[in-house]
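Encoded as structure tokens, the structure appears first; notes follow it.
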Amino acid sequence: MNSRASLLLICTLVLALLSGAWWMLRADGDQAPTTPGTVQNDPAPGPASPAVLPRPTESPGDSRAPSAAAPATPQVLSARGPALAQAAGRVIDRTGRPIPGASVTAFLSGPGQPYRTREDQGAAITSGTDGRFLFATLPVTSELGIEVEHADHAPVLREPFTIGAGELRDLGDILLEDGLLLLGTVTDDAGKPIEGAVVKLTDLQREQRGATPAVPLSALTDAEGNYTFAHLALRQYEVVADADAYAPVTLVLSMVLGTSDGRWRQDFRLEKADASLRGLVLDSFEKPVAGLTLRVSQRQRAQNTYRLQTTTTGADGRFAMSDMASGLYDIEVQSPLVYLDHTLQLPADGDEHTVRVQPALAVDGQLRCATTPPAEFSVRLRPDGRSGAGLLGTGPMDRAFRETSPPGSFVFDGLRPGSYRFEIYAEGFAVTTSSDVILGADVPVARLEVYLLRGGSVKGRVQPAQAGTRIELREADYDPSLSLESTFPTAPVHGLMVLTGADGSFLLQHVPPGTYTLSARPADAPPLHVRDVRVTDEVDTDVGALTLPLGCTLSGNVIGPDGRPRAGVRIGVTSAMHQQQTVTDGEGAFRMLALPPGEYDVVATPGNLWEALQFEGRAHVTLSPEQDLPVALTLAERSAQPR
């Protein structure tokens, strides 16, 4: 295998580790075509500067036009939001047969790190006898996603995609796999099996994304101490093993790479809960601290597990925890008011230990501008984690202020020692970032002045003129060709995005001074990217007329090593400036819309990791403007194993 192919596979593995799922599809991307888009060129010249860089569309996934026939017996859901768009699809198994009774949940999908955020849109619906489902009303212009679940298969995510007003979006076939089997044994410290131990499993990806929490799965060990969980997705899970008279242990499993046989083994060793930990918490004035929450944890490095407990101090500042395993424990304080100034470890030996805490730090800020500071504004905290900076407790990173006295003053408290910056958001002003603020025990309150900027504006127009094209600004070094963008797309800087009007014109106002990459993303054509857009405070920047490129279509079929059409194969196309992905449907077919013209390497990779290490299909194609090119791919043994 050549170095480029090896690098591509390595990048794919890294993406899976970060996202918590081996195949996290970015179906439909920002586009909503149902037929290949056709855009006529406008001969008017664009601006001489800045430089224009053609950029491919974000991965549209399976964007095939919906069939004329309506789903046979799907359950229909009217979700929250404008009743202006619909989405349909079909749930199938690996053989291409429909799966009835699958639960399908629609949600708003937003940018976030390391996972996209998720806001469920109403209750789940159920696929019909033919595997089909239909969401009757979904929000327009919002990025959406769906999760499909079934008791006999692993859950699958399909995101993000957008739907235009009045459009019925066909999401194609949603392939459900058998998933992984998690099994193991729970024993005591002598290696004897523990019968009746409780093992609980929680999907961390749902919690980290802000989704509606799922009920944790539970299993009881048998007489040999064995437990099992079936049909797990390639995600991260928290597993807790507990039994009477034993200290519980917790483990985070990153199952994103799968296994060769679909089975993942995890054993647990529990120790007797025969120790206790007691202590007294004092503040910097040697006074007891009441009602303080303490988090006590112990890492078992040999097993990659940990023990975790929380407690609260009483009115006298004392705390006591029993039923613990012996050993040293890390102590953390969970409070917006106080913090520990150094890492603290205490033994569970029954003696009383003293814990001393320090008062939280704060920044006393004042906004300045040429006129009276705004009466309403918000402040976003930007801590430098490398310095140890961070917010104490679970307070908000964004805080709103109104009618402060004096005008424009604010206090941001509950901070740890370290380095901070603050972003100020106020109507009529550009987002303004403060200079660095250093906090330490010797500087409990720091003074800060922020001079608000009006910002500049960026204007222009797209040609041919069309309404609804998204105009976005990102950092100057934004690279839209990275494969990472198909999983974790970079959000517009400070949310700077507008839609073009009916004449194709656009205006972005109150843009902070700096250099940016401007992206024009039409619904039915490849995006266009403009480099080196320089913005100066209170100055208009005109990028002129931007000619949108004409898109191409690539379609085809994938045949497996057995000579049969293969569903669920990931199709990736890569050029010097673009990377895009989709997945084959139940008949092994795929279709990619709105590709920019150019030369592409096309790679077909099986959805199962271990098959992906053995088989692949490859082709090299050249796409011309408005061309619809068919390509046939056959999965064959790799010429060399990836390194």
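Because the structure is predicted, anything quoted here is derived from the model rather than measured.
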May I ask you to decide whether [X] forms a salt bridge with [Y], counting only side-chain N to carboxylate O separations under 4.0 Å?
X    : Y    : result
R269 : D189 : no
E159 : R118 : no
R97  : D93  : yes

Side-chain donor or acceptor of [X] paired with backbone N/O of [Y] under 3.5 Å:
X    : Y    : value
S127 : R132 : no
S575 : G598 : no
D562 : R564 : yes
T126 : S103 : no

Contact between [X] and [Y] at the side-chain level, heavy atoms closer than 4.5 Å - yes or no?
X    : Y    : result
L270 : T187 : no
Y237 : T202 : no
T250 : V239 : no
Y306 : Q298 : no
Y227 : L183 : no
S519 : R474 : yes
V199 : V186 : yes
M497 : R470 : yes

Gap separating the [atom1] atom of [X] from the [atom2] atom of [Y], nearest 0.5 angstrom:
X    : Y    : atom1 : atom2 : result
R638 : L635 : CZ    : CG    : 10.0 Å
E119 : S109 : CD    : OG    : 11.0 Å
M592 : Y600 : CE    : OH    : 10.0 Å
S555 : F590 : OG    : CZ    : 7.0 Å
L232 : L217 : CG    : CG    : 7.5 Å
D585 : I92  : CG    : CD1   : 7.0 Å

Subject >> Over 12 non-hydrogen atoms of neighbours within 6.0 angstrom of CG in D244 >> reply: no
Could you point out which residue of [options] forms a side-chain contact (heavy atoms from CB on, under 4.5 Å) with [X]?
X    : options          : answer
R591 : I571, D628, L554 : D628
Q86  : T137, L134, I163 : L134
V296 : M324, R307, E332 : M324

**OP:** Output all residues satisfying side chain to side chain contact (heavy atoms under 4.5 Å, CB included) with L251, sequence neighbours left out; order by chain, then residue number.
**Re:** L253, Q266, F268, N304, T305
Original post:
Please walk me through it: do D601 and T574 pass side chain to side chain donor-acceptor pair (under 3.5 Å)?
Top reply: CA-CA 5 Å; D601 289 322; T574 306; over 6 Å; no
Subject >> Stepwise side chain to side chain contact (heavy atoms under 4.5 Å, CB included) test for E637 and F615 >> reply: CA-CA 4 Å; E637 288 192 12; F615 304 103; 3.7 Å; yes
**OP:** In sequence, state the C-alpha distance, the side-chain angles, and the governing distance for R90 and D130, and then conclude on salt bridge (Lys or Arg N to Asp or Glu O under 4.0 Å).
**Re:** CA-CA 8 Å; R90 184 174 69 133; D130 57 358; over 6 Å; no
Subject >> Pair L144-L108, side chain to side chain contact (heavy atoms under 4.5 Å, CB included): steps then yes or no >> reply: CA-CA 5 Å; L144 301 167; L108 295 179; 3.5 Å; yes
Distance-only check: which donor-acceptor pairs under 3.5 Å involve side-chain atoms of residues 174-182, not counting sequence neighbours?
unit_1: E177; atom_1: OE1; unit_2: R94; atom_2: NH1; d: 3.1
unit_1: E177; atom_1: OE2; unit_2: R94; atom_2: NH1; d: 2.7

Original post:
Taking only residues two or more places apart in sequence or in another chain, which ones pass salt bridge (charged side-chain N to carboxylate O under 4.0 Å, His left out) with R566?
Top reply: E611
Original post:
For D242, what residues pass the salt bridge (charged side-chain N to carboxylate O under 4.0 Å, His left out) criterion, not counting sequence neighbours?
Top reply: none
**OP:** Sequence neighbours left out, what passes ring-ring contact (aromatic ring centres under 6.0 Å, His included) with H153? Give chain and number order.
**Re:** H150
**OP:** Kindly give the heavy-atom pair with the smallest separation between E587 and D173, and that separation in Å.
**Re:** OE1-OD2, 4.0 Å
Original post:
Under the side chain to side chain contact (heavy atoms under 4.5 Å, CB included) criterion, do F107 and L157 qualify, and how do the steps go?
Top reply: CA-CA 11 Å; F107 56 86; L157 286 172; 3.9 Å; yes
Original post:
Can you find a side-chain donor-acceptor pair between T185 and N226 that sits under 3.5 Å?
Top reply: yes
**OP:** Indicate whether the side chain of S254 and that of Q236 have a donor and an acceptor atom separated by less than 3.5 Å.
**Re:** yes
Subject >> Which residues share a side-chain hydrogen bond (donor to acceptor under 3.5 Å, both in side chains) with D267, sequence neighbours left out >> reply: R265
